[in-house]
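Just so we're clear, the structure is a prediction, and the values are computed from it rather than from any experiment. Position 1 is the first residue of the sequence; numbering continues from there.
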Amino acid sequence: MSTRPGFPVSGEGPGPPDLAAGLPPPAERGATVIPDRVVARIAAQAARTAQARRAAIAPDRGKPAAPSASAAIRTGSVRLHLDMDLPYPTDIARVCERIQHDVAERVAQLTGLEVGEVTLTVRRLATAADPGRGRVQ
């Protein structure tokens, strides 16, 4: 005796039917494709978060431009390029390394892609003395 079709009463039969019955194995079903521009947007957001955490620019130095990113995906791996402003003075090499690490970790976590390379271009160094100096127009 069943209460609903396909679902036997407790103690009768093996339980609910296998929902994957008749489907090919997962490896043969296809792949999820994430476009480059989507990965780039994820990387840009991760760069904004990392910038705020690792290299926040003080309000007296002007408002930094939002970081931008590009991505190139090849066979399950992605190469990222970031452009951003940094405060000065700071240990630029160390800050860049930490931001690159943070972005690579976050992109890998959210996309499942292996991040092979993260390059970072510093657009400008924001100084307290002259917030607009060095800004690319």
Side-chain angles (χ1 to χ4, degrees):
M1 175 174 148
S2 288
T3 56
R4 290 187 289 170
F7 291 89
V9 174
S10 180
E12 292 181 7
D18 184 7
L19 298 177
L23 292 176
E28 295 176 14
R29 291 184 203 165
T32 301
V33 177
I34 305 173
D36 292 1
R37 71 179 188 279
V38 172
V39 176
R41 289 187 67 161
I42 291 168
Q45 179 58 46
R48 276 190 287 281
T49 302
Q51 180 183 39
R53 185 170 163 222
R54 304 281 188 188
I57 296 177
D60 66 335
R61 296 183 184 193
K63 184 177 180 186
S68 61
S70 61
I73 301 170
R74 301 288 181 269
T75 61
S77 178
V78 62
R79 288 185 359 225
L80 302 171
H81 180 80
L82 309 171
D83 290 301
M84 63 192 329
D85 299 347
L86 293 179
Y88 184 82
T90 191
D91 183 346
I92 296 170
R94 183 175 175 165
V95 168
C96 288
E97 183 179 308
R98 287 184 172 181
I99 288 172
Q100 288 168 311
H101 177 267
D102 291 353
V103 170
E105 190 173 85
R106 188 69 175 147
V107 168
Q109 179 184 36
L110 293 174
T111 65
L113 295 168
E114 177 186 329
V115 179
E117 177 182 45
V118 180
T119 58
L120 192 152
T121 299
V122 178
R123 285 188 295 227
R124 87 177 172 103
L125 296 173
T127 63
D130 189 0
R133 187 175 180 177
R135 184 178 296 269
V136 177
Q137 296 292 335

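Applying the salt bridge (charged side-chain N to carboxylate O under 4.0 Å, His left out) test to Arg98 and every residue at least two apart in sequence or in another chain returns nothing. Taking Ser68 as the reference, Asp83, Arg123 meet the side-chain contact (heavy atoms from CB on, under 4.5 Å) condition, with sequence neighbours excluded. Legend: residues meeting salt bridge (charged side-chain N to carboxylate O under 4.0 Å, His left out) with Arg79, ordered by chain and number and at least two apart, are Glu117. Remark: Ala44 pairs with Arg48, Ala69 by the side-chain contact (heavy atoms from CB on, under 4.5 Å) rule, at least two apart or across chains. Remark: His101 engages no residue in a side chain to side chain donor-acceptor pair (under 3.5 Å) (not counting sequence neighbours). Evaluation of the side chain to side chain donor-acceptor pair (under 3.5 Å) rule for Arg94 yields no partner, not counting sequence neighbours. Listed by chain and residue number, His81 satisfy the side chain to side chain donor-acceptor pair (under 3.5 Å) test with Thr121 (two or more places apart in sequence, or in another chain). Partners of Pro25 under the side-chain contact (heavy atoms from CB on, under 4.5 Å) rule, at least two apart in sequence or in another chain, are Glu28. Take Ala47 and apply the side-chain contact (heavy atoms from CB on, under 4.5 Å) test, not counting sequence neighbours, and it matches Pro67, Leu82, Met84, Val103.
In the hydrophobic cluster analysis, where Ile, Leu, Val, Met, Phe, Trp and Tyr join through side-chain heavy atoms closer than 4.5 angstrom, Val115 is grouped together with Leu110. Follow the hydrophobic side-chain contacts under 4.5 Å out from Val122 and you never reach Ile57; the two are in separate clusters.
With rounding to the nearest 0.5 angstrom, the CZ atom of Arg54 is 12.0 Å from the CD atom of Gln100.
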| task | Starting from the C-alpha separation in whole Å, work towards a yes-or-no answer on side-chain contact (heavy atoms from CB on, under 4.5 Å) for Leu113 and Val107. | result | CA-CA 7 Å; Leu113 295 168; Val107 168; 5.6 Å; no
| field | Step-by-step side-chain contact (heavy atoms from CB on, under 4.5 Å) determination, Ile99 to Leu86 | value | CA-CA 11 Å; Ile99 288 172; Leu86 293 179; 4.0 Å; yes
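Across Cys96 and Leu120, no two heavy atoms sit closer than the pair SG-CD2, 3.8 Å. Between Asp85 and Gln51, the shortest heavy-atom distance links the atoms O-NE2, 2.7 Å. Nearest heavy atoms, Ala40 versus Ser70: CB-CA, 3.9 Å. The shortest non-hydrogen separation linking Ala71 to Val39 is CB-CG1, 3.9 Å.
The side-chain hydrogen bond (donor to acceptor under 3.5 Å, both in side chains) contacts involving residues 106-115 comprise Arg106-Gln109, where partners must be two or more places apart or lie in separate chains.
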